[in-house]
Protein chains: 2
Amino acid sequence: MTDKKEHIIDIAIELFATKGFEGTSIRDLAAAADVNVAMVNYYFGSKEKLFEELVQRKAASSRNLLTEIANDSSLTAIEKIDKVIELYVEKIFTNRKFHRVIHQELITNQRETLTRNIADSMFPNALSMKTIVEEGIRNKEFKNVDVQLTIASILGTINQILLSKTFCLRLLDKQEDYVPYEDPKFKKRVNDHLKELMRDHLLKITNNPQ
Amino acid sequence: MTDKKEHIIDIAIELFATKGFEGTSIRDLAAAADVNVAMVNYYFGSKEKLFEELVQRKAASSRNLLTEIANDSSLTAIEKIDKVIELYVEKIFTNRKFHRVIHQELITNQRETLTRNIADSMFPNALSMKTIVEEGIRNKEFKNVDVQLTIASILGTINQILLSKTFCLRLLDKQEDYVPYEDPKFKKRVNDHLKELMRDHLLKITNNPQ
DNA sequence: AATAATTAATTAAACGTTTGTTTAATTCAA
DNA sequence: TTGAATTAAACAAACGTTTAATTAATTATT
């Protein structure tokens with residue numbers, strides 16, 4: 001029954017996301033998933049291999065959605081940016097727990113090969129964005145911006161909001177019980193802000209008085 | 001000899017930053033600081049209290065530098081933003097290891113009160129930025145942007161660059177041995193990008209052809 | 001179709017480490 | 001001589017992992 005393996009992975013994402021890799025014990029995990037402690041090692045070999053399988057599985061499932069947008073010749077560069085932002089916000093908001101797990105791993109940078117795997121699996125997304133911005137600059141549709149740091153701004157804005165709920169609530173001036181990531185209005189707000197930020201930054205002439 | 005206490009804190013920052021809180025054992029720390037294992041508990045009471053003291057000490061040392069800028073009436077709003085960016089980039093680049101430690105803690109969100117302390121100690125900075133942007137909007141110098149998310153973009157851009165060296169190197173297309181955070185050219189580049197991004201986003205009319 | 005043989009899944013218990021912390025003795029300084 | 005600083009050793013608890021036994025499921029044989 002591979003359902004059980006999937007079930008363990010699901011619970012593992014949940015626990016790793018809230019307690020970190022070191023902070024999550026196999027006993028905790030086994031209890032939460034309602035399986036015997038030995039089952040984790042039986043299925044995955046080790047705690048670390050479980051983590052790797054978890055990362056690879058999730059990363060593979062959402063790859064190359066962005067490249068389609070990048071290669072869609074019916075769209076202008078700024079329209080592509082809009083679509084990329086929408087896709088990215090949507091993806092990260094829905095998979096936010098998993099996203100938190102892999103960013104924890106990326107930041108702590110302990111298990112070296114795993115960190116590299118994560119960086120590699122995330123990089124295609126950044127590359128698609130890079131292609132789009134570079135194309136826009138070549139077409140004279142965009143200003144001659146710092147491409148790499150512009151991408152850092154897109155990703156960084158979302159991560160800043162998403163990675164720490166505690167800080168996000170401070171920033172938004174909301175109570176502890178509010179969960180912004182489940183509020184569609186907030187998702188739209190992030191979308192609108194990012195799109196506007198990028199239009200301001202990328203397009204050659206912005207005459208948005210208001 | 002309080003020098004020894006300081007020394008332990010210094011080493012602790014180093015180790016926590018590279019191996020995380022859970023990943024750093026008191027024995028590792030004691031060995032690296034060349035003191036007996038018992039000394040950490042003797043001085044700090046516990047591993048967690050050491051961490052708290054570490055955070056409080058660092059946070060207190062750099063507080064309210066931004067409020068001065070916010071209250072400087074001789075500067076326009078966009079000039080204040082420029083100064084804030086400069087100060088923030090400088091501060092985070094030089095204290096990047098410590099910055100990484102507290103962000104790990106913020107993201108993992110395990111020791112609840114500590115996470116709150118960190119969020120609280122970081123928040124005044126965000127608040128200063130908020131004041132500046134809101135004032136600029138009131139003065140009609142700035143567009144009517146989403147203030148909170150604009151701050152998220154400033155902080156997020158820097159964090160995106162700084163928190164994971166592995167991903168940063170991928171983004172910059174550099175070799176593994178390059179350390180961007182020690183390259184003054186790169187620091188200037190981040191400054192320039194952020195300032196331009198914010199001018200584009202905040203100022204009412206941007207006629208920056210090229 | 002029923003039974004035997006074989007493989008897979010599951011379990012409780014134990015393994016050896018490592019963890020943070022404490023103790024009790026000793027050294028050092030005031 | 002008193003109190004702080006420092007040490008080596010030990011503590012219990014938690015860790016990831018393994019073992020060996022048992023149950024369930026699958027396959028092969030009659």
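Lettering follows sequence order; numbering is per chain, from 1. Every heavy atom of this structure was used, including side-chain atoms; hydrogens, water molecules and symmetry mates were not.
Between A/His193 and B/His201, the distance separating the two ring centers is shorter than 6.0 angstrom.
In terms of heavy-atom proximity, B/Thr18 sits nearest to A/Gln110 at O-CG, 4.2 Å. Here the closest non-hydrogen pair linking B/Glu90 and B/Thr94 is O-OG1, 2.8 Å.
In terms of the side-chain hydrogen bond (donor to acceptor under 3.5 Å, both in side chains) criterion, B/Lys49 has no residue partners (sequence neighbours excluded). Residues passing the salt bridge (Lys or Arg N to Asp or Glu O under 4.0 Å) test with B/Asp72, sequence neighbours excluded: none. For A/Asp183, there are no salt bridge (Lys or Arg N to Asp or Glu O under 4.0 Å) partners two or more places apart in sequence or in a different chain.
Remark: B/Lys47 is positioned above the aromatic ring of B/Phe21, its terminal NZ or CZ atom under 6.0 angstrom from the ring centre and at most 45 degrees off the axis.
Distances shorter than 4.0 Å separate none of the side-chain N or O atoms of A/Ser25 from OP1 or OP2 on D/dA14.
Residues of residues 10-23 of chain A that place a heavy atom closer than 4.0 Å to DNA chain D do not occur.
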Output a table of nitrogen or oxygen pairs between the protein and nucleotides 17-19 of chain D separated by less than 3.5 Å.
residue: D/dT17; atom: OP2; partner: A/Asn41; partner atom: OD1; Å: 3.3
residue: D/dT17; atom: OP2; partner: A/Lys47; partner atom: N; Å: 2.8

Nucleic acid footprint by protein, nucleotides 24-30 of chain C - heavy-atom cut-off 4.0 Å, B for base, S for sugar-phosphate alone: -------
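Between B/Phe16 and B/Phe51, the angle of the ring planes lies from 30° to 60°, which puts this pair in the tilted group.
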